[in-house]
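These notes are about the structure you will find just below.
Here, residue 1 is the first one in the sequence, and each next residue gets the next number. It should be emphasised that the depicted structure is a prediction, and the values quoted were computed from it without experimental measurement.
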Amino acid sequence: QVQLVESGGGLVQAGGSLRLSCSASGLTFRDYFMAWFRQAPGKEREFVAAVSWSGYNTRYADSVQGRFAVSRDNAKNTLDLQMNVLKAEDTAYYYCAAGTGTTTPSDYPYWGLGTQVTVTS
């Protein structure tokens, strides 16, 4: 059974930083692109960042480019998202996902339950 478990969310002031982590089990982690998505109340789930199997290639949403950094450790089956210079508009539920590396949620068959990030201004 595939499990993706996020951690590291919380409350932070604008301009601050948070680091999210995702621990994966039940799948061959290195076979999947890994990604972070987020969903704010009343909005659709949106792509945040993705990383290739090797960890060498990454892609980001324009809204987080230069502020967020995605990384993975295939030896530990973990995915991280370092979030810097956080803004109020980054407030959302953040999800870890395993899939194809696109920006489309339906291309990811496996999802975690998410972790809340709240940025206060």
Side-chain angles (χ1 to χ4, degrees):
Q1 181 180 358
V2 176
Q3 282 194 316
L4 301 177
V5 180
E6 300 92 340
S7 61
L11 185 68
V12 63
Q13 286 190 331
S17 299
L18 276 178
R19 188 176 184 88
L20 304 183
S21 293
C22 172
S23 179
S25 61
L27 77 171
T28 305
F29 185 73
R30 62 181 180 274
D31 285 351
Y32 290 88
F33 276 74
M34 296 297 297
W36 290 96
F37 288 78
R38 67 186 182 187
Q39 188 166 17
K43 295 188 176 181
E44 293 187 351
R45 192 166 297 190
E46 66 172 359
F47 172 80
V48 175
V51 60
S52 62
W53 307 293
S54 66
Y56 185 76
N57 295 306
T58 57
R59 66 188 301 183
Y60 297 93
D62 290 343
S63 58
V64 306
Q65 180 76 49
R67 299 188 296 122
F68 290 12
V70 61
S71 61
R72 66 189 293 164
D73 185 334
N74 287 341
K76 297 181 179 179
N77 286 5
T78 57
L79 173 74
D80 289 336
L81 183 69
Q82 178 65 43
M83 305 186 293
N84 299 322
V85 195
L86 283 161
K87 305 176 181 179
E89 51 264 43
D90 294 320
T91 295
Y93 222 73
Y94 283 71
Y95 298 89
C96 167
T100 65
T102 72
T103 62
T104 306
S106 61
D107 289 337
Y108 291 79
Y110 303 115
W111 291 83
L113 296 180
T115 186
Q116 176 69 43
V117 172
T118 302
V119 184
T120 60
S121 56

(request) Evaluate side-chain contact (heavy atoms from CB on, under 4.5 Å) for K76 paired with S21, printing each intermediate quantity in order. (result) CA-CA 12 Å; K76 297 181 179 179; S21 293; over 6 Å; no
(message) To the closest 0.5 Å, what do you measure between CD (Q65) and OG1 (T58)?
(response) 7.5 Å
(request) Please say which of N57, D80, V70, L81 ends up in a side chain to side chain contact (heavy atoms under 4.5 Å, CB included) with V51. (result) V70
(request) Nearest 0.5 Å please: distance from the OG1 atom of T91 over to the CD atom of Q116. (result) 7.5 Å
(message) Tell me the closest heavy-atom pair linking R67 and D90, and the distance in Å.
(response) NH1-OD2, 2.7 Å
(request) Quick one: closest heavy-atom pair of S121 and A14, and the distance? (result) CA-CB, 4.2 Å
(message) Between W53 and F33 (judged by ring centroids, cut-off 6.0 Å), do the two rings come close enough to count as a pair?
(response) yes
(message) Does the plane of the ring in F68 sit parallel, tilted or perpendicular to the ring in Y94? Use 30° and 60° as the thresholds.
(response) tilted
(message) When you group the ILVMFWY residues by side-chain heavy-atom contacts below 4.5 Å and let the links chain together, are W111 and F29 in the same group?
(response) no
(message) Just so I know, are the side chains of Q13 and L86 near enough to count as touching, which here means a heavy-atom distance under 4.5 Å?
(response) no
(message) Looking at every non-hydrogen atom in both residues, tell me the closest pair between C96 and E6 and how far apart they are.
(response) N-OE2, 2.8 Å
(request) Kindly check if the number of other-residue, nucleotide or ligand heavy atoms within 6.0 Å of CG (L113) is above 12? (result) no
(message) If I compare all heavy atoms of Q39 with all of A92, which pair ends up nearest, and what's the gap?
(response) O-CB, 3.5 Å
(message) For the CZ atom on R30, are there more than 12 heavy atoms of other groups (residues, nucleotides or ligands in this structure) within a distance under 6.0 Å?
(response) no
(request) Quick one: closest heavy-atom pair of S54 and Y56, and the distance? (result) OG-N, 3.1 Å
(request) Please round to the nearest 0.5 Å and tell me the distance separating atom CD of Q82 and atom CZ of R19. (result) 5.0 Å
(request) Report yes or no: do W36 and Y110 belong to one cluster of Ile/Leu/Val/Met/Phe/Trp/Tyr joined by side chain heavy-atom distances under 4.5 Å? (result) yes
(message) Taking V12 as the starting point, is it possible to reach L20 by hopping between hydrophobic residues whose side chains are less than 4.5 Å apart?
(response) yes
(request) Output the distance between atom OH (Y93) and atom OG1 (T118), rounded to the nearest 0.5 Å. (result) 10.0 Å
(request) Taking the six-membered ring for Trp and the single ring otherwise, decide whether the centroids of F37 and Y108 are under 6.0 Å apart. (result) yes
(message) Do L79 and V64 land in one hydrophobic cluster if side-chain heavy atoms of ILVMFWY residues count as linked below 4.5 Å?
(response) yes
(request) Search all heavy atoms of G101 against all heavy atoms of R59 and return the closest pair with its distance. (result) O-NH1, 3.3 Å
(message) My understanding is that only one of V117, V119, V48 makes a side chain to side chain contact (heavy atoms under 4.5 Å, CB included) with M83; could you say which?
(response) V117
(request) Mind checking the CE-CG spacing from M34 to N74? Nearest 0.5 Å is all I need. (result) 9.5 Å
